[in-house]
Amino acid sequence: MFLALRAEVEDCLRGALAESGYPTDDLGIERPPEDVEAVLASSVVFRLAGAAEAPPPAVAGEIADAISTEACEYVAAVETQGPYVNFLAGERYLGETLRAAQSEEYGTLDSKDTSVVVEHTSANPTGPVHVGRARNPIVGDAVARVLDWAGYDVERHYYVNDAGRQIAVFTWAYETFDEADLPDPERDAPEYDMVRYYRRGNEFLENADPQEAEAAEDEIEAILQGLEAGEEAVYERVSEVVDTVLGGMCDTLERLPAEFDEFVKETRFMRDGSTDDVVERLKTLDGAVYEEGAWQLEFEDIEKNLVFLRADGTSLYTTRDLAHHEWKFANFDRAVTVLGEDHKLQAEQLNATLSMLGHDTEKLESIHYSWVTLPEGGMSTREGTGIDLDELLDEAIARAREEVEDRMGERIRDDDLGEADIERIAHQVGVGAVRYDIVAKQPSKGITFEWEDALDFEAQSAPYVQYTHARACGILAEARSAGHEVPDAVDPAVLEAPEARDLVQTIATFPAAIEEAAEFAEAFNAFYRECRVLEAPDETRAARLAVVVAARNTAANALGVLGVEAPESM
RNA sequence: GGGCACGUAGCUCAGUCCGGACCAGAGCGUCGGACUUCUAAUCCGACGGUCGUGGGUUCAAAUCCCACCGUGCCCGCCA
């Protein structure tokens, strides 16, 4: 309804401006501050400073007078307040919102008939997922959910690096070292088991005497060459390592949950010849140069050249990623990639190159996030420093569980929560708090990991919104057992309490701003405090029950978009 | 050294794109209040800010421009 209201406001304003002979290119529509009753407002008068001769408030009055609300469905009145033109919504707006929000699908937008591939995480399969990387699956999964909600056909992809030097090192190390010489794994899971070889291999390459190191480098080089040549045997050796580690990493990611429709391997674009094909086309570009035995590409506004073919004839990560993106262009309408900030330069070069190859890079979007660091510094899989995502989730659930158990004693509601409920709530709240903490912050900002901040169970956190959902469910459960029906149609005039009206107005903006979950929860809690539902007179109770259903659906969907579970009790 | 981000209350952050009701908001923490009531993981109030610093543009700047300071990332025939 909010979207329809906004469209109506735009029409009214544009019409009034045209009538008075003012430009209509910038309508200046905005949300007014909380203490103003209007749903939408316009500061267009400021932008008319030159064209209008009169003082701003007078111009605002002139515009307001020129608007007729008779033809409007949702706009009930237009007022001015100083230079601002304010638009107030009518009963119909509330009624329609309430009706729309009765649907469990509330907030979804119509299909856009556009496919979009969201690539996220894509961490090298070298070891356990650590917290430094954890922003990627959480942000990526939330982006995919939002796009899905917004009507796009979304596919989630994990791009698997199974062709790089690190993987060749890993494969060599796995085949070379003996498990008996390795430390015990930190956890009983495949990636924790495997990462020990990787760490040992890197350690060896750094510290071994030059002759031994060189022999190892020859073996690593042979693996890279084998992959480049498409040798099946080499591919199988590498796959054993990659698939094992990746399988373990995915078990961890599923706990968030972050799941994927497809795992796209780099080697795929070597085996099907598309990497070679890209290389051939790159060589013919104007910016292509052959220097010191390697093929490179020069850019107009990027200082650094892109080497796309090594002197030994093998391809590089970005070369394969070019083939990968051409494949995306061929199969999807749009593509979004979630990447760490360390990939910024690479992403710029990728984009510039794709555009030189004749692709429309407007269809691509990348979201860069900054690393999560520890107070004492960064995290590294190779060095084994940092906190693993498994560890964070375990701790989050354990702390949430403590919290649930603490609260059991002072619980008023007698709904007999059993051990299974405690387990469920601890899981929902713990994981939800972690996700919310990550999603609530702009990806570009650095985060220093602190247990206390990541695991906040109070206001402005996932549990805050989850709690409103549980409260709404509680009311509805009581209503059901008392035999109260939720009415099909509601006369909004019955909703006299300002808190009820305010809540419905907040619910109305949800489709436009799904991330305003906390704001909505606040409105619900005010309603909860001031408006008794079950003890109200019949007609009022019915209307308020409809509001509760609307609120429950809004809470469930706001959480759903963030990928957080909505508990029916907690 | 060059490029890109980030810098707002003690702490964690909104607001910055598209300057206007913002003489800046929220949560946490601190202090004080509210459970005989549909879940107190809630609610109400108080305290708390040179919007990194200095210039500039404008009727108007946290928001735009310039310089500087601090932090992070990048500048590999690694990914």
Side-chain angles (χ1 to χ4, degrees), chain A residues 26 28 30 32-36 41 43 45-47 49 56 81-84 86 122-124 126 161 163-167 169 266 291-296 302-318 320-321 340-346 348 368 370-371 373 378 400 403-404 406-407 410-415 425 429 433 437 440-442 444-448 450 452-454 456-464 466-468 470-479 482 518-519 521-522 524-526 528-536 544 548 569-570:
Chain A
D26 185 357
E30 54 193 70
E34 274 176 48
D35 53 345
V36 174
S43 59
V45 169
F46 286 118
R47 284 144 235 250
Q81 200 169 329
Y84 289 90
N86 292 340
S122 301
N124 290 342
T126 50
N161 165 18
R165 195 189 132 77
Q166 287 163 23
I167 296 305
V169 169
E266 273 192 275
E291 275 173 22
E292 295 172 44
W295 276 95
Q296 324 191 359
I302 302 175
E303 287 270 328
K304 190 182 165 290
N305 282 4
L306 170 69
V307 175
F308 61 87
L309 200 64
R310 290 188 182 104
D312 67 2
T314 55
S315 61
L316 291 92
Y317 173 83
T318 306
R320 287 168 239 133
D321 206 18
E341 64 178 344
D342 53 332
H343 279 65
K344 264 188 186 174
L345 176 62
Q346 187 267 334
E348 272 173 45
H368 292 272
S370 147
W371 300 105
T373 55
E403 202 77 21
V404 180
D406 278 358
R407 288 165 202 269
E410 46 197 85
R411 211 179 153 80
I412 300 168
R413 190 179 172 84
D414 57 340
D415 51 1
I425 295 166
V429 168
D437 182 60
K441 291 169 185 168
Q442 285 184 355
S444 60
K445 298 213 181 190
I447 296 181
T448 302
E450 303 276 1
E452 303 312 318
D453 296 334
D456 181 4
F457 299 139
E458 290 185 11
Q460 217 182 60
S461 71
Y464 182 66
Q466 289 176 314
Y467 188 60
T468 69
R471 271 183 154 179
C473 287
I475 294 175
L476 295 173
E478 295 283 335
E519 205 168 301
E522 198 174 317
F524 178 80
N525 283 318
Y528 184 88
R529 182 181 69 249
E530 298 297 332
C531 301
R532 311 296 306 169
V533 174
L534 300 175
E535 291 140 33
R544 286 182 177 174
V548 175
S569 63
M570 63 187 276

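What you see is a predicted model; the values in this text were computed from it and never measured. Atoms considered below: every heavy atom in the structure, side chains included; atoms not considered: hydrogens, waters and symmetry mates.
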Using a cut-off of 4.0 Å on non-hydrogen atoms, how would the nucleic acid contact of A:Asp406 be classed: base, sugar-phosphate, or nothing?
nothing
Need one value for A:Arg320: base, sugar-phosphate or nothing, where a base atom within 4.0 Å counts as base even if backbone is also close, heavy atoms only.
sugar-phosphate
With no hydrogens and no angle check, just 3.5 Å: does a side-chain donor-acceptor pair link A:Asn525 and A:Arg471?
yes
Between B:C47 and B:A26, how far apart are the P atoms? Round to whole Å, please.
12 Å
Using a 4.0 Å heavy-atom cut-off across all strands, classify A:Cys473 as base, sugar-phosphate, or nothing.
nothing
Within the 4.0 Å heavy-atom criterion, would you say A:Gly164 contacts the bases, only the backbone, or no part of the nucleic acid?
sugar-phosphate
Using atom C1' of each nucleotide, how far apart are B:G70 and B:C59 to the nearest Å?
35 Å
Has A:Phe46 got its ring stacked on the base of B:G20, with centres under 5.5 Å and planes less than 30° apart?
yes
Does a side chain donor of either A:Thr126 or A:Asn124 reach within less than 3.5 Å of an acceptor in the other side chain?
no
If we call it a pair only when both distances are under 3.5 Å in a Watson-Crick or G-U wobble match, what pairs with B:G72?
B:C4
Write down the partner of B:A9 under the Watson-Crick or G-U wobble criteria, each distance required to be under 3.5 Å.
none
By the Watson-Crick or G-U definition, both distances under 3.5 Å, B:C17 is matched with none
Can you find a side chain N or O atom of A:Arg529 that sits less than 4.0 Å from OP1 or OP2 on B:C43?
no
Using a heavy-atom cut-off of 4.0 Å across all strands, would you classify A:Gln166 as base, sugar-phosphate, or nothing?
base
Heavy atoms only, 4.0 Å cut-off, all strands: where does A:Ala41 land among base, sugar-phosphate and nothing?
base
State whether A:Lys445 places a side-chain N or O below 4.0 Å from either non-bridging phosphate oxygen (OP1 or OP2) of B:A14.
yes
Looking at every strand, decide which applies to A:Arg532 at a 4.0 Å heavy-atom threshold: base, sugar-phosphate, or nothing.
base
I want to confirm an ordering. Mapping A:Ala294 and A:Ser444 to their closest nucleotides on RNA chain B, which one lands closer to the 5' end?
A:Ser444
Suppose we define a pair by two distances each less than 3.5 Å, Watson-Crick or G-U wobble; what does B:A67 pair with here?
B:U53
Under 5.5 Å between ring centres and under 30° between planes: true for A:Tyr84 and the base of B:A21?
yes
Roughly how many Å apart are B:C11 and B:U58, using the P atom of each and rounding to a whole number?
36 Å
Would you please confirm or rule out a distance under 4.0 Å between OP1 or OP2 of B:A40 and any side-chain N or O of A:Tyr528?
yes
B:C38, OP1 or OP2 - any side-chain N/O from A:Tyr467 closer than 4.0 Å?
no
Considering just the side-chain nitrogens and oxygens of A:Gln442, establish if one lies under 4.0 Å of OP1 or OP2 belonging to B:U16.
no
NA contact type, A:His343, heavy-atom cut-off 4.0 Å: base, sugar-phosphate, or nothing?
base
A:Leu534 near the nucleic acid: base, sugar-phosphate alone, or nothing, with a heavy-atom cut-off under 4.0 Å?
base
For B:C69, does the glycosidic angle fall within 90° of 0 (syn) or outside that (anti)?
anti
At 4.0 Å (heavy atoms only), tell me whether A:Ile425 reaches a base, stays on the sugar-phosphate, or touches nothing.
base
Could you tell me which nucleotide pairs with B:A41 by Watson-Crick or G-U wobble geometry, both distances under 3.5 Å, or answer none if nothing does?
none
When we call it a touch if two heavy atoms are under 4.0 Å apart, what does A:Pro83 touch: a base, just sugar-phosphate, or nothing?
nothing
Under a 3.5 Å limit on both distances, the Watson-Crick or wobble mate of B:G29 is none
Between A:Glu303 and A:Leu309, name the one whose nearest nucleotide on RNA chain B is closer to the 5' end.
A:Glu303
